[in-house]
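Since the structure comes first, as structure tokens, the remarks are kept for the end.
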Amino acid sequence: MTRKEAMEYNDSLKKELEQAALEYGLEESAGTYIVDNYITVLPEDARKGMIFLGEDSASYKAGNIKMDLKKAIIAGLEFVASVSKPESVFNYIQLIIVSAFFIGKSVKRKLGRMEAYVVYLLHKKGAYDTGVEEERFIAEVQEWYQQKEGKTVGREEIVDAINNLYGIKAADFNNGKIYLKEYVWGAV
């Protein structure tokens, strides 16, 4: 996420939480307050995300968004006590939970089946720091796929999967090698 994208996401998160605040009977400014004081959206840096493989393979880049739930809840309790509306404490806590769900949705990118296979094989080969030679890797994926699925897969499908991983910044290319940029958990 670039600096511009981080700022745009910050603004869209404020709008979403302002709407949620109104739905929970709070003032619209409660949503903005949570974003301004307890959520930090950061541009992309050297931090790696994570990829979870399995039935619902996905890439998560939570390093771009940080939320201080403890401070947000304590401040909410203090705020509710100051306005003498004890019933609004639950609405405020719901708003904080909703903000965590919005963040969760934004940092998750689903992976297609072939993308998950490519990530799995890159992980198995330890392609984090040393990388793997692209052409040889594509041939190895084709061979592995034939053994696993019992059918052939075209080179183009594998290249598309690799390009998609590059597009979501889960993989990188350098000097004809593919590098895995996210930590991988699970298996396919």
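Values below: all heavy atoms of this structure, side chains included; hydrogens, waters and symmetry mates excluded. Along the sequence shown, residues carry numbers from 1.
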Can you find a side-chain donor-acceptor pair between Tyr24 and Gln19 that sits under 3.5 Å? no

Salt bridge check: are Glu140 and Lys125 linked by an N-O gap of less than 4.0 Å? yes

Apply side-chain contact (heavy atoms from CB on, under 4.5 Å) to residues Lys177 and Glu134 and explain how you reach the verdict. CA-CA 5 Å; Lys177 289 187 173 184; Glu134 182 179 9; over 6 Å; no

Ring-plane angle category for Trp144 and Tyr120, please: parallel below 30°, perpendicular beyond 60°, tilted otherwise. tilted

Glu149 and Arg113 have their tightest heavy-atom pair at OE2-NH2, 3.2 Å

Qualifying residues under side-chain contact (heavy atoms from CB on, under 4.5 Å), relative to Glu156, sequence neighbours excluded: none

Tyr128 vs Val184, test: side-chain contact (heavy atoms from CB on, under 4.5 Å). Steps then yes/no. CA-CA 10 Å; Tyr128 295 98; Val184 175; 3.5 Å; yes

Minimum heavy-atom separation for Val35 and Asn10, please, with both atom names. CG1-OD1, 3.2 Å

Could you list all the ring-ring contact (aromatic ring centres under 6.0 Å, His included) pairs where at least one residue sits in residues 147-171, not counting sequence neighbours? Tyr166-Phe173

So which atom in Val118 and which in Ala161 form the shortest heavy-atom distance, rounded to 0.1 Å? CG2-CB, 4.1 Å

Pair Thr32, Glu18 - check side chain to side chain donor-acceptor pair (under 3.5 Å), show working. CA-CA 6 Å; Thr32 302; Glu18 286 170 356; 2.4 Å; yes

Linking I/L/V/M/F/W/Y whenever any side-chain heavy atoms sit under 4.5 Å apart, do Val159 and Tyr179 land together? no

Only one of Leu121, Leu122, Ile162 forms a side-chain contact (heavy atoms from CB on, under 4.5 Å) with Val141, so which one is it? Leu121

Checking side-chain contact (heavy atoms from CB on, under 4.5 Å) for the pair Asp36/Lys14: CA distance, chi angles, key distance, verdict? CA-CA 8 Å; Asp36 287 343; Lys14 280 183 186 179; 2.8 Å; yes

For the pair Tyr145 and Glu157, evaluate side chain to side chain donor-acceptor pair (under 3.5 Å) and give the outcome as yes or no after the intermediate values. CA-CA 12 Å; Tyr145 190 86; Glu157 189 176 347; 5.4 Å; no

Would you sort out whether Ile178 and Asp172 count as a side-chain contact (heavy atoms from CB on, under 4.5 Å), showing the intermediate values? CA-CA 6 Å; Ile178 305 168; Asp172 200 6; over 6 Å; no

Suppose we screen for side-chain contact (heavy atoms from CB on, under 4.5 Å). Which residues come up paired with Glu133, at least two apart in sequence or across chains? Glu135, Arg136

Looking only at heavy atoms, the pair that brings Ala30 and Ala21 closest together is CB-CB, 4.3 Å

